[in-house]
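Encoded as structure tokens, the structure appears first; notes follow it.
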Amino acid sequence: MKRAVLVSIWYLQLIPLISCVVDRSQFPATFLFGTATSSYQIEGAYLAGNKSLSNWDVFTHIPGKVMDGSNGDVADDHYYRYMEDVELMHSLGVNSYRFSISWSRILPRGRFGGVNSVGIEFYNNIINAILLRGIQPFVTLNHFDIPQVLEDRYGSWLNSQIQQDYGYFAEVCFKAYGDRVKYWSTFNEPNMTITLGYLSGDFPPNHCSQSTICISGDSAIEPYIAAHNLILSHATAVDIYRKKFQAKQGGMIGIVLNAAWYEPLRSIPADHLAVQRALAFDNAWFLDPIMYGDYPPEMHQILGNRLPTFSMKEKDKLMNKLDFVGINHYTTKYVKDCLFTPCNVGTLQGDSFVYFTGERDGVLIGEPMAMSGYYVVPYGIEKIVLYFKERYNNTPMFITETGFPQTSYPGASVKDLLNDTKRIEFLNDYLTFLAKALRDGGADVRGYFIWSLIDNFEWLFGYTLRFGLYYVDWLTLERIPKLSATWYRQFLNGNNILNYMTFPSNSTYHPS
Ligand code: PNW
């Protein structure tokens with residue numbers, strides 16, 4: 001009963017937002033429109049072509065770590081079917097493709113062994129195939145998966161040695177692919193790698209203070225050390241790119257953050273400050289050092305000497321180490337202050353003293369998505385873009401991910417999964433507000449990538465969530481276009497089928 005009331009009130013709030021139908025012409029002709037994937041989530045072939053085990057290969061094989069007990073051993077079998085996936089992209093009419101490189105395919109033993117030519121060739125094949133079809137590669141060097149050997153030998157991100165390993169890996173990639181790749185991101189969502197890996201322990205290397213969940217770790221200290229080494233690894237790679245490759249190859253290099261937007265729960269100063277703190281602990285944690293040479297003031301104030309310091313030399317190395325900011329944006333939440341008035345703080349928000357919720361006075365901030373804690377809030381994308389614009393002097397930005405999950409529960413009919421009208425509305429409404437950020441806000445956003453091209457291995461959720469524009473049958477690995485694939489193709493063609501689509505009565509257009 002309560003839920004029914006919540007949903008209907010939420011619907012009334014959305015009425016003014018759903019009347020807009022976005023158009024390709026609202027974006028510059030040079031704008032990148034693409035789809036995004038990552039190596040571990042799609043490739044499979046986990047032992048093929050001299051690849052070594054990654055941290056995710058090892059982690060997913062530990063019972064109980066992934067919701068449905070699955071792993072990425074096969075995933076979408078993209079390693080063998082990449083040509084089919086390239087054709088899917090081509091048929092969509094995208095002009096770019098964001099994908100990541102598996103470090104363990106390129107350097108199976110890190111810097112302690114040779115470069116694997118089979119791995120090099122695999123990504124060469126992809127890059128050449130997409131370029132032939134007018135699709136620009138947008139390459140992520142690291143999307144969560146690292147060679148397990150780096151964990152076993154010296155504790156990966158907790159050890160400063162990783163900077164050398166990462167720099168070496170990046171250089172091998174610039175050398176091999178930089179003649180054709182003009183967009184490089186060093187890391188995907190380091191904020192997730194660090195908080196999930198060293199604070200909650202949900203991701204490898206499964207470190208945290210709670211001995212029932214983690215074998216080892218210290219959630220108060222390790223996240224900050226690991227982040228410090230990761231930030232310096234980013235700077236090392238950018239230094240190498242700028243000194244040895246950029247002038248000749250002419251590309252851009254940046255980093256990608258997981259960037260939710262936050263609204264104050266109450267209109268009181270404490271909650272407004274809490275929003276700033278939440279944003280600082282999310283993104284400025286990484287971006288402030290990379291742009292300005294030090295951590296944000298909000299973190300210094302709270303963490304004191306738990307926050308490692310950058311030497312003068314490191315600060316110099318860090319300054320202005322970004323050509324663009326990549327923004328992965330899915331959701332907006334309310335934030336409540338817990339610093340001035342103590343309250344219940346979640347594990348991941350502990351040090352920022354904020355409480356996240358999706359509800360205010362019994363009204364949800366947006367329709368809940370299949371991923372818990374995620375809500376559909378189209379205006380959030382405009383606000384997060386304008387926040388980055390202000391804080392980082394309108395450094396060029398790309399929406400490197402946004403997307404909508406579907407639950408793949410046993411019994412979900414393929415027909416319903418293919419008829420993904422809610423995803424279409426989500427994409428249309430978020431794009432509408434993105435266009436507004438460009439038009440009214442003057443934000444220098446240069447591209448937009450939908451997560452994801454195909455349904456894939458969704459980390460802790462295994463195969464229970466589907467983000468693809470294409471449905472994947474996990475038994476046959478057949479790819480089938482969802483309605484959203486048709487919508488994206490038409491949108492890119494200058495048409496938006498929302499204009500003449502009739503929605504089924506259970507869609508959010510006509511909630512029963
Ligand atoms: C992104 N989690 O972040 C990632 O970059 C993608 O790999 C991922 O598939 C996508 O979002 C959709 O979740 C993540 O809670 C967000 O486990 C949340 C999680 C992981 C990754």
Side-chain angles (χ1 to χ4, degrees), residues 100 103 140-144 146 150-151 154-171 184-199 203 205 207 218-243 252-259 279-328 348 351-352 388 391-392 395 397 400:
S100 79
W103 191 340
T140 309
L141 287 168
N142 178 251
H143 194 125
F144 302 159
I146 65 169
L150 305 184
E151 188 60 48
Y154 58 73
S156 70
W157 302 111
L158 289 174
N159 193 314
S160 60
Q161 281 195 53
I162 193 93
Q163 298 171 39
Q164 219 182 320
D165 256 295
Y166 184 76
Y168 180 62
F169 167 56
E171 180 156 0
W184 294 101
S185 351
T186 53
F187 290 99
N188 177 71
E189 300 190 353
N191 44 357
M192 304 298 277
T193 306
I194 301 298
T195 52
L196 295 172
Y198 297 90
L199 206 162
F203 269 22
H207 280 214
D218 181 347
S219 304
I221 302 288
E222 284 190 358
Y224 303 107
I225 297 173
H228 202 72
N229 287 318
L230 189 149
I231 290 163
L232 289 166
S233 301
H234 165 91
T236 303
V238 176
D239 242 3
I240 293 170
Y241 187 61
R242 293 221 172 125
K243 287 190 178 130
M252 299 174 92
I253 187 160
I255 193 166
V256 171
L257 275 305
N258 181 304
L279 291 165
F281 274 79
D282 249 15
N283 296 299
W285 178 9
F286 295 88
L287 292 179
D288 276 17
I290 290 170
M291 287 299 275
Y292 305 127
D294 201 3
Y295 293 110
E298 292 90 344
M299 294 188 80
H300 275 293
Q301 278 153 20
I302 290 176
L303 298 169
N305 59 16
R306 274 202 279 149
L307 206 52
T309 46
F310 294 113
S311 68
M312 282 317 286
K313 208 170 142 215
E314 285 169 341
K315 282 187 189 222
D316 277 352
K317 180 173 168 180
L318 282 164
M319 297 291 276
N320 278 315
K321 280 295 180 296
L322 272 187
D323 298 328
F324 70 83
V325 180
I327 301 171
N328 290 355
L348 288 170
D351 288 334
S352 59
F388 282 122
R391 193 163 183 125
Y392 303 109
T395 297
M397 289 167 271
T400 34

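Predicted model only: the values in this text are computed from it and were never measured. What you see below is based on every heavy atom in this structure, not just the backbone, and it leaves out hydrogens, waters and symmetry mates. Position 1 is the first residue of the sequence, and the numbers go up from there.
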Should the ring pair Tyr241 and Trp184 be called parallel, tilted or perpendicular, given that the plane angle runs from 0 to 90° and is split at 30 and 60?
-> perpendicular
message = Quick one, Tyr154 and Ile162 - any side-chain contact, counting heavy atoms below 4.5 Å?
response = yes
**Item:** Main-chain N/O of Thr186 paired to Tyr166 side chain as donor or acceptor, under 3.5 Å
**Value:** yes
Step by step, work out the side chain to side chain contact (heavy atoms under 4.5 Å, CB included) result for Ser156 and Ile146. CA-CA 9 Å; Ser156 70; Ile146 65 169; 3.6 Å; yes
dist Phe281:CZ -> Thr195:OG1 (nearest 0.5 Å) comes out at 12.5 Å
All heavy atoms of Gly167 vs all of Ile240, minimum pair found to be O-CD1, 3.5 Å
Heavy-atom nearest pair, Ala284 first then Pro289, reads O-CD, 3.3 Å
One should read off an interatomic distance between Tyr292 OH and Met319 CE, to the nearest 0.5 angstrom, of 9.0 Å
*Given the rule in the side chain to side chain contact (heavy atoms under 4.5 Å, CB included) test, do Glu314 and Ile231 qualify, once you have shown the distances and angles that lead to the verdict?*
CA-CA 10 Å; Glu314 285 169 341; Ile231 290 163; over 6 Å; no
Between the CG atom in Leu199 and the CE atom in Met192, the distance rounded to the nearest 0.5 Å is 12.0 Å
Check your understanding: Going through the distances and angles, do Leu257 and Glu189 end up as a side chain to side chain contact (heavy atoms under 4.5 Å, CB included)?
Key -> CA-CA 4 Å; Leu257 275 305; Glu189 300 190 353; over 6 Å; no
Residues Met299 and Ala280: closest non-hydrogen pair is SD-O, 4.0 Å
Check: Quick one: are the ring centres of Phe187 and Trp157 less than 6.0 Å apart?
Finding: yes
task = Starting from the C-alpha separation in whole Å, work towards a yes-or-no answer on side chain to side chain contact (heavy atoms under 4.5 Å, CB included) for Phe286 and Asn191.
result = CA-CA 8 Å; Phe286 295 88; Asn191 44 357; 3.6 Å; yes
Ile255 side chain near Leu287 side chain, heavy-atom distance below 4.5 Å:
yes
Tightest non-hydrogen contact, residues Ala170 and Ala237, listed as CB-CB, 3.7 Å
Any non-hydrogen side-chain atom of Leu303 less than 4.5 Å from a side-chain atom of Tyr295? no
Please tell me if the side chains of Ile253 and Lys321 come closer than 4.5 Å, counting only heavy atoms from C-beta onward.
no
Looking only at heavy atoms, the pair that brings Leu232 and Thr236 closest together is O-OG1, 2.7 Å
**OP:** Answer with yes or no after comparing the ring centroid distance for His228 and Phe310 against a 6.0 Å cut-off, counting only values under it.
**Re:** yes
Value for CD (Glu222) from CG (Leu158), rounded to nearest 0.5 Å, stands at 4.5 Å
- Query: Does His234 reach the main-chain N or O of Leu322 with its side chain, forming a donor-acceptor pair under 3.5 Å?
  - Reply: no
To the nearest 0.5 Å, atom OG1 of Thr395 lies from atom CZ of Phe388 at 10.5 Å
Rounded to the nearest 0.5 angstrom, the CG-CG distance for Asp294 and Leu318 is 9.0 Å
inquiry  = Can a side-chain donor-acceptor contact be found between Asn328 and Thr400 if the only test is distance below 3.5 angstrom?
reply    = yes
field: Any donor-acceptor pair under 3.5 Å from Arg306 side chain to Tyr224 backbone
entry: no
